[in-house]
Structure formats: structure tokens, C-alpha cells
Amino acid sequence: MFEKQIKIPSAEEILKEQPLPASLAAIKRERDALCKDVIAGRSEKLLMVIGPCSAHESKPVLEYVKRLGKLNERVKDKLVIVPRIYTNKPRTKGVGYKGMFSQPDPENKEDILRGIRTIRDLHIHAIEESGLSAADEMLYPENYAYVEDLLTYVAVGARSSENQMHRLVSSGIELPVGIKNSMSGSVPVLINSIYAAQSTQVFKYHDWQVSTAGNEYAHAVLRGKVDEYGNDIPNYHFETVMQVFEGYRNSGGLKNPAIVIDANHSNSGKRFDQQIRIAEEVMQNRLYDKNFKQIVKGFMIESFLEEGNQAHDLVFGKSITDPCLGWADTERLILDIAEKA
């Protein structure tokens, strides 16, 4: 049984109520183009999708992206920085805090309408404060329409990459969509997901039959895998990257072969400090193999103002979900990657 609680306005109504100002929309278009150029190989810059595991409160996120905006000025010749403002949190067991979209106050009950308004306000102010438009995870495809005018990068998570609706909606997005390998780590499954996202599709979306042209900027994100015993197995090493490279070559015409390395999750075993070492290894491999350098386009990094995590929102700028790098290590890592890019 479904108990109806609150009538949620349509995405069109919400976007009209909280529009992105024209001046900020112009910034977003510029950032979109930079990001697309990296994925398509038109630019040799590296993409950095970086920020907290989940955005649970606006003030620390805005402080974080403001710092990223200043740092971007120092590295923009080498890197394209896209802040992670992830407002939906996947739950392995389906219960618990599900992110700002559902629960704008993590200590109180769900309030989706307030959550939608809160995340739009956050994304708009983030562009205003930093000059950078953000990434978010498309955990629920039907929710994407509420933020489609705000984002520069869209992520599809490991638990979602085999889901048909995620693949179909990705085919209609005109932005880079990073599709993570499934939890099993299967390369054929990953390639099939990208193929579906790059293909033309017809399906029901909200109240419409829609058609899409396919998204040539859909690409692979390697986040590690989990074996049948629950052990984390990394897949950022040279051998696995080159298997995905071969998968692209044998795919029958996928456009813009690209891989982004997620340095946390099963690649690090959720040991957040290992992200620095992992990024270093990937950068070294880019030096020694032209095909590796050609296909590895950047990183996903989990980072916040304070390192680690906490159970409740007591320390300003500290994750309440997965542990993250602190700002000092984040700044050093970004500068180091820029120097070696």
C-alpha cells in the first residue's frame, strides 16, 4: 500500500519557481564545454570530480566549493575541476539517510519538496560562489529533471549501471555521464551500459513517450569491485584499465573512449587516505603508456573540509557518510596532479 503524503510539483513548475539566473547559466555552459572537451579528447586537461561523499548541509559545501573555485584559478590550465555536490545517497540495505533530496535535515524525517528546493538553492549558490558548476549522482532517474539545468557532470552508480531506466535517461542527457562499473566489476556489462547510453532510445519518461539522440559523452568510471565474499578488489591498475580500453575498441563504434578513475570506494577499500597513493599510481601509468594516457581522463575523489567522517553533524565540514580527505590533503593532491598532468 502507498500512503500519499505530499503532492510534489512537476519539474517544470519547480524550475520556473527557482530559475538559474542567466549569468550563472552562461558560466555553466562554459563549464559544460570544458568538461565535454576532456571526455572527447579535444582537450588534454584532466577532469577532477571532487567533493564530499554526500552534501548533507549547505554552509560547509558552499565553503568547500568556494575554496575549490580559488584553487581552480591556479590549475585551470591543466585541470577541469567539477565539485561533487551529491544530494542522493545510495544505501546498500535500502535504509538510512538517503541524502539532501529526500532529507534536507539529516536529523529529521523526510521532506522531499523542501529537499528539492534546498538542493536547487545549493547548486545555484555554489555556481555563484565558486564559478564552478557541479556533479551529482543520478540515483533516481525520475528526479534528474529537477536539477537538469544546474549540472555539468552526471554520475551513474555501481548499483544502478545495469538498470535500464538509468541507461535510457543517460541517452538523453547532453552532458558527460560517468557510468560506474557494476559491483561485480564486469567489463562487458560496463561496455553494454555505455553502449545503451550512447544509442538512440524511445521510452516513457514522466508523462511522455520521449525519444533521445544518444549521449556520445557517456563513459566508464572504474570504482573497484566486490567479490562473492564481500572483499573489495581494486580495478584502477594498468591491467584492468587496458581491458576496458580493449572493450571500447571491440565495442563496435562507441564514441569518445574515456575512463575516469574513482579513487575511493572499492579501489581504496574505503580507506580515504589511499586516494592520494592511487592517484599517484595512475599518474605514473599515464607517463609510461600512451594508450593509458589517451583513455584515462581524470579522477573522482571524495574530499571535504575535515578529514574522516562522523555519525552526526557535529563538526563543520566533516562527512556524515563515507570518510573523506581533508582540505589540506585535497589541495596538495590537486596541485600535484596538475603539476604532473
Exercise for the section: Run the numbers on Asp37 and Lys45 for side chain to side chain contact (heavy atoms under 4.5 Å, CB included), then give the verdict. Expected result: CA-CA 9 Å; Asp37 285 348; Lys45 295 178 183 180; over 6 Å; no
Handout entry: Side chain to side chain, Tyr236 and Glu281, heavy atoms closer than 4.5 Å
Key = yes
Exercise for the section: Quick one: sort the Phe292 and Phe238 rings into parallel, tilted or perpendicular, breaks at 30° and 60°. Expected result: parallel
Practice task
May I ask you to decide if Gly224's main-chain N or O and Asn181's side chain share a donor-acceptor pair within less than 3.5 Å?
Solution key: yes
Practice task
Classify the side-chain pair Asp232/Ser266 by whether it contains a donor and acceptor separated by less than 3.5 Å.
Solution key: yes
Handout entry: Side-chain heavy atoms of Leu34 within contact of Ser43, under 4.5 Å
Key = no
Practice task
Check the side chains of Gln243 and Glu239 for a donor-acceptor pair under 3.5 angstrom, ignoring hydrogens and angles.
Solution key: no
Practice task
Would you check if Leu175 and Lys28 make a side-chain contact, meaning some heavy-atom pair closer than 4.5 Å?
Solution key: yes
Handout entry: ILVMFWY network linking Met48 to Val177, side-chain heavy atoms under 4.5 angstrom
Key = yes
Exercise for the section: Look only at the side chain of Glu216 and the backbone of Asn256, and say whether a donor-acceptor pair between them is shorter than 3.5 Å. Expected result: no
Handout entry: Leu15 with Trp208, same ILVMFWY side-chain cluster at under 4.5 Å
Key = no
Problem - Main-chain N/O of Pro52 paired to Ser319 side chain as donor or acceptor, under 3.5 Å - result: no
Practice task
Spell out, as yes or no, whether a donor-acceptor pair under 3.5 Å connects the side chain of Asn267 to the backbone of Asn235.
Solution key: yes
Exercise for the section: Indicate whether any N or O donor in one side chain lies under 3.5 Å from an N or O acceptor in the other, for Asn215 and Ser170. Expected result: no
Handout entry: Working for side chain to side chain contact (heavy atoms under 4.5 Å, CB included), residues His166 and Arg159
Key = CA-CA 10 Å; His166 284 82; Arg159 298 171 186 84; over 6 Å; no
Practice task
Just grab all the salt bridge (Lys or Arg N to Asp or Glu O under 4.0 Å) pairs involving residues 250-279, residues at least two apart or on different chains.
Solution key: Lys180-Asp262, Lys270-Asp322
Exercise for the section: Check for a donor-acceptor pair, side chain of Arg167 on one end and backbone N or O of Ser161 on the other, with a separation under 3.5 Å. Expected result: yes
Distance-only donor-acceptor hits, side chain of residues 142-151, under 3.5 Å, sequence neighbours excluded:
from: Tyr146; atom 1: OH; to: Pro9; atom 2: O; distance (Å): 2.5
from: Asp149; atom 1: OD1; to: Arg120; atom 2: NH1; distance (Å): 2.8
from: Asp149; atom 1: OD2; to: Arg120; atom 2: NH2; distance (Å): 2.9

Problem - CA sep, side-chain torsions, deciding dist, call: Ile27, Leu24, side chain to side chain contact (heavy atoms under 4.5 Å, CB included) - result: CA-CA 5 Å; Ile27 293 173; Leu24 302 184; 4.1 Å; yes
Problem - Test item: Lys36 side-chain N/O and Val38 main-chain N/O as donor-acceptor pair under 3.5 Å - result: no
Problem - Ile301 side chain near Asn264 side chain, heavy-atom distance below 4.5 Å - result: no
Exercise for the section: Check whether any side-chain heavy atom of Leu305 sits under 4.5 Å from a side-chain heavy atom of Tyr64, and report yes or no. Expected result: yes
Handout entry: Minimum side-chain heavy-atom gap Met183-Arg223 below 4.5 Å
Key = yes
Handout entry: Donor-acceptor contact below 3.5 Å, side chain Ser160 vs main chain Val156
Key = no
Problem - Beyond-backbone contact of Met300 with Val49, side-chain heavy atoms, under 4.5 angstrom - result: yes
Practice task
Identify whether Val65 and Leu335 are in the same connected component of the hydrophobic contact network (ILVMFWY, side-chain heavy atoms under 4.5 Å).
Solution key: yes
Handout entry: Cluster link Leu222 to Val154, ILVMFWY, side chain under 4.5 Å
Key = yes
Handout entry: Full working for side chain to side chain contact (heavy atoms under 4.5 Å, CB included) between Val241 and Ile261
Key = CA-CA 9 Å; Val241 169; Ile261 302 296; 4.1 Å; yes
Handout entry: Backbone N/O of Pro188 and side chain of Asn192: donor-acceptor pair under 3.5 Å
Key = yes
Exercise for the section: State whether the side chain of Arg84 and the backbone N or O of Ala135 hold a donor-acceptor pair below 3.5 Å, judged by distance alone. Expected result: no
Practice task
Measure from the side-chain N and O atoms of Ser171 to the backbone N and O of Leu168, and report whether any donor-acceptor pair falls under 3.5 Å.
Solution key: yes
Problem - Ile85 with Ile320, same ILVMFWY side-chain cluster at under 4.5 Å - result: yes
